[in-house]
Amino acid sequence: MGEFKHLVIVKFKEGVAVEEMMKGMEKLVSEVDLVKSFEWGEDVEGQEMLRQGFTHAFLMTFNKKEDYTTFVSHPSHAEFSATFSTAIDKIVLLDFPTVLVKPPAAAA
């Protein structure tokens, strides 16, 4: 079994300080060692019709599903989630074990 991923795609409510949300998210993942890696980005290329209003994506990687399950019940996650959820207009969550088809290229 490969790694376990937690993918969140959101549309923030009007007027939300996205930078503050990102600082909170970065603080959360730095405090919880179970998070193997964390990536995020803001859509800059998508056509409005295709992105359906969603603007930001967040991807957390865990070594195994059990690490993700423990992370979700962590007090820091619960605290941040309460704040994060009030800032969200629309959200999609996908949690899945990975199937590695092409490994990352080695750094030159």
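Using a 4.0 Å cut-off between charged side-chain N and carboxylate O, Glu20 and Lys23 make a salt bridge. Under the 4.0 Å criterion applied to side-chain N and carboxylate O atoms, Lys27 and Glu31 are assigned as salt-bridge partners. Taking a cutoff of 4.0 Å between a charged side-chain nitrogen and a carboxylate oxygen, Lys13 and Asp89 do not qualify as a salt bridge. Taking the charged nitrogens against the carboxylate oxygens, Glu3 and Lys64 have no contact shorter than 4.0 Å, which rules out a salt bridge.
In this structure, Ile91 and Val8 have side chains that are in contact, with non-hydrogen atoms separated by less than 4.5 Å. Side-chain contact between Met25 and Met60 is present, with at least one heavy-atom pair separated by less than 4.5 Å.
Taken from CZ in Phe80 to CG in Leu28, the straight-line distance is 6.5 Å, to the nearest 0.5 Å. Here the CZ atom belonging to Phe84 is positioned 9.0 Å from the NE2 atom belonging to His77, to the nearest 0.5 angstrom. Distance check: Lys11 NZ to Thr55 OG1 gives 8.5 Å after rounding to the nearest 0.5 Å. The distance from atom CZ of Phe12 to atom CZ of Phe54, rounded to the nearest 0.5 Å, is 12.0 Å. Note that the CG atom of Leu94 and the CG atom of Leu7 stand 5.0 Å from one another [nearest 0.5 Å]. Between the CE atom in Met21 and the CD1 atom in Ile88 there is a gap of 8.0 Å [rounded to 0.5 Å].
Linking Ile, Leu, Val, Met, Phe, Trp and Tyr whenever their side-chain heavy atoms come within less than 4.5 Å leaves Phe96 and Val10 in two separate clusters. If you chain together hydrophobic residues whose side chains sit under 4.5 Å apart, Val29 and Val18 fall into the same group.
Counted by atom type alone, Lys5 and Thr61 present one or more donor-acceptor pairs between their side chains at under 3.5 Å.
For Phe4 and Tyr68, the gap between ring centers is short of 6.0 Å.
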* Criterion side-chain contact (heavy atoms from CB on, under 4.5 Å) on His56 and Ile9, from CA distance to verdict -> CA-CA 6 Å; His56 291 76; Ile9 304 169; over 6 Å; no
* **Candidate pair Gln52 and Lys90, rule side-chain contact (heavy atoms from CB on, under 4.5 Å), full reasoning** => CA-CA 10 Å; Gln52 300 177 35; Lys90 291 178 17 176; 4.1 Å; yes
* What's the verdict on side-chain contact (heavy atoms from CB on, under 4.5 Å) for Phe62 and Val35, showing C-alpha distance, side-chain angles and the deciding distance? -> CA-CA 5 Å; Phe62 299 86; Val35 179; 3.8 Å; yes
* Evaluate side-chain contact (heavy atoms from CB on, under 4.5 Å) for Leu93 paired with His6, printing each intermediate quantity in order. => CA-CA 7 Å; Leu93 294 172; His6 175 60; 4.0 Å; yes
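Met22 approaches Phe38 most closely through the heavy-atom pair CE-CZ, 4.4 Å.
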